[in-house]
Amino acid sequence: QTLKNQQNQTLPKSYTREDWQKGYESLKQEYDYWIDEIEGVIPAELQGTLLRNGPGLLDINGQRLHHPFDGDGMISKITFTNGRAHFRNRFVETEGYLAEKKAGKILYRGVFGTQKPGGWLANAFDFKIKHIANTNVIYWGKKLLALWEAAEPYLLHPQTLETLGNEYFNGVLSQGEAFSAHPRIDPNGKLVNFAIKPGLSTTITIFELNTNGEIISKQNHSVPGFCFIHDFVITENYCIFFQNPVNFNPIPFALGMASAGQCIKVQKNQPTKIIIIPRKDSKAEKEEVRTLETQAGFIFHHVNAFEVETEIIIDSICYESLPEVEPNTDYLKTNFDTNAPGQIWRFDINLDIKLSDHKVQSQLIDKRACEFPSIHPNNVGKPYRYLYIAAAHNPTGNAPLQAIMKVDLQTEKREIWSAAPRGFMGEPIFIPRPNSQQEDEGWVIALVYDAEHHRSDVVILDAQDFSKGAIAKLHLKHHIPYSLHGSFTPE
Ligand code: 3ON
Ligand code: FE
């Protein structure tokens, strides 16, 4: 099998679909063990905990979920101490997870197409969506939080990963209020996050938290139209949102024919709105909210943003269109060749130009299909040089993520480390070496699904030299279904 790339050469496929599919098997068991199968050496200076979240269950007692984004959150934790590594995984025990486990069948509707058994009649006029906690996990202000963008966070025990309940930040968050899965940590010691409350007009809420995990500011903005905003970016003075060009028709959802997420349709030829909101307690606090338009396709994730004098630069992963999760399709049968790849773009805004005269500049940074960017934590919201991202093995065309790409935004140099043909890449995370001087001094760590052994590896690369190959590969005793996001904490 081959695919045509834009230069009209044919590149052999770097994977088989059967291998890729196996990474979507549920992992039902919860483990707790020291990892003893290690190739290479874990750097002694690497101390701390890698946290991952993602769907652990892709079926409920054999009833398949319609889409992985509907899967119950499962936390994996890999702790590095003195050259050794310990693994633990545990499900987030949400109300829905516990109820479905007990019943042994699907009891709720999911956002991405999962329906209760019994056809549309069994689902019609049930507006209750299953609240899961599968998208990200952070340790902030001594709280371990599992995040999902449409509801409040779950608080977990930092050692045992036991679910302790919901987190409301001393009542500043109210019951049912969202707290997105994409907080940004400003290197000055603030965690900034947002929430989307969609409707005919949408409320965007912005939270800033101090290092004690307390919400120190909360501000609301109403924007016209329905929003599906999964991620945002911060700079020193602004929070920036890209309002994807979508519309929402709730009728099939109400009638039980489709889930809420399936009623969102991308409007390919409509512009994306860029909403620039001044941060509380910043120099820009008194400025108005600015809204600009550009053509950006669909965006889930941004890499970073920063200010240079009166300009704002934003780097994002853009899709020309979004493969819709239609009711009668099977995600395991995805045809990568006909889906648009995610690609890194740079947007350039000049705040000095009158809004009505403004044309947002945009430029493609790399053609390669990629997703899940990471940068040095000290450069969040600031000028930066390096990014790391999961990427396809081949430089063009669309394919599953199998490699890690490092992009030097200054020299345009790229480095690639690939796990193809039988390895599938998760989100890479950059971890700075303690007391490091250079921006790329540290490690890149990712979970790789190895289809040959049906297990996952924790792979560690030297961020300054991918050509060395993996400096350590930690073989787990089992696989971890493809995860979404995570973080590293030195504690
Ligand atoms: O828009 C409204 C507001 C809102 C926040 C209505 C709504 C109900 C659709 C909604 C909820 C949105 C939710 C719950 C979004 C959840 C997203 C999620 C769990 C994951 C997104 C992942 C994105 C990507 C790009 C994943 C890529 C994965 C791979 C490349 C394979 O490993
Ligand atoms: Fe995300």
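Both counts, for ligands and for their atoms, begin at 1 and track the order of listing. When a residue number appears, it is its place in the shown sequence, counting from 1.
In this pair, F112 and F228 present their aromatic rings tilted. The plane angle is within the 30 to 60° band. The aromatic rings of F306 and Y384 sit perpendicular, their planes meeting at an angle over 60°, well past the 30° parallel limit. In this pair, F372 and H301 present their aromatic rings tilted. The plane angle is within the 30 to 60° band.
Contacts of Y388 classified as ring-ring contact (aromatic ring centres under 6.0 Å, His included), with partners at least two apart in sequence or in another chain: F430.
Within the set G23, P198, A151, the minimum heavy-atom distance to atom 2 (C) of ligand 1 is found for P198. For atom 23 (C) of ligand 1, the candidate residues are Y449, F69, W20, F112; the nearest heavy-atom contact is made by F69. When the heavy-atom distances from atom 25 (C) of ligand 1 to F300, F248, W148 are ranked, the shortest goes to F300. Summarising the contacts of atom 19 (C) of ligand 1 with V111, I264, T135, the nearest heavy atom is found in T135.
Surrounding NZ of K105 are at most 12 heavy atoms belonging to other residues, nucleotides or ligands under 6.0 Å away.
How far CZ of F169 is from CZ of F207: 8.0 Å, rounded to the nearest 0.5 Å. The distance from the CD1 atom of I460 to the CD1 atom of I445 is 4.5 Å, given to the nearest 0.5 Å.
Put simply, the side chain of P327 does not reach to within 4.5 Å of the side chain of M257, judged on heavy atoms. Between I317 and F300 the shortest side-chain heavy-atom distance does not fall below 4.5 Å.
The closest protein non-hydrogen atom to atom 31 (C) of ligand 1 is Y24 OH, 3.8 Å. Closest to atom 10 (C) of ligand 1 among all protein heavy atoms lies A150 CB, 4.6 Å. Of the protein's non-hydrogen atoms, the one nearest atom 12 (C) of ligand 1 is E149 OE2, 3.5 Å.
The cationic atom of K406 (NZ for Lys, CZ for Arg) lies less than 6.0 Å from the six-membered ring centre of Y386 and within 45° of the ring axis.
Closer than 2.8 Å to the Fe ion (ligand 2) sit the protein N, O or S atoms H182 NE2, H230 NE2, H301 NE2, H485 NE2.
Among the atoms of F372, none of the N or O lies under 3.5 angstrom from an N or O of ligand 1.
Comment: D457 engages R455 in a salt bridge, judged by a side-chain N to carboxylate O separation of less than 4.0 angstrom. The existence of a salt bridge linking D72 and K101 is excluded, since no basic side-chain nitrogen approaches an acidic carboxylate oxygen closer than 4.0 Å.
Using a 4.0 Å cutoff on heavy atoms, D70 does not count as a contact of ligand 1. Note on ligand 1: K197 sits outside its first shell, no heavy atom being nearer than 4.0 Å. Under the 4.0 angstrom criterion for non-hydrogen atoms, C227 is in contact with ligand 1.
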Stepwise side-chain hydrogen bond (donor to acceptor under 3.5 Å, both in side chains) test for E149 and H230: CA-CA 7 Å; E149 71 195 64; H230 175 76; 2.5 Å; yes
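Contact atoms of ligand 1 toward L401: 30 (C) (distance under 4.0 Å to a heavy atom of the residue). Listed by number with element, the atoms of ligand 1 under 4.0 angstrom from any heavy atom of E371 are 25 (C). Counting atoms of ligand 1 from 1 in the listed order, those under 4.0 Å from a heavy atom of N134 are 19 (C).
There is no protein heavy atom less than 4.0 angstrom from atom 4 (C) of ligand 1.
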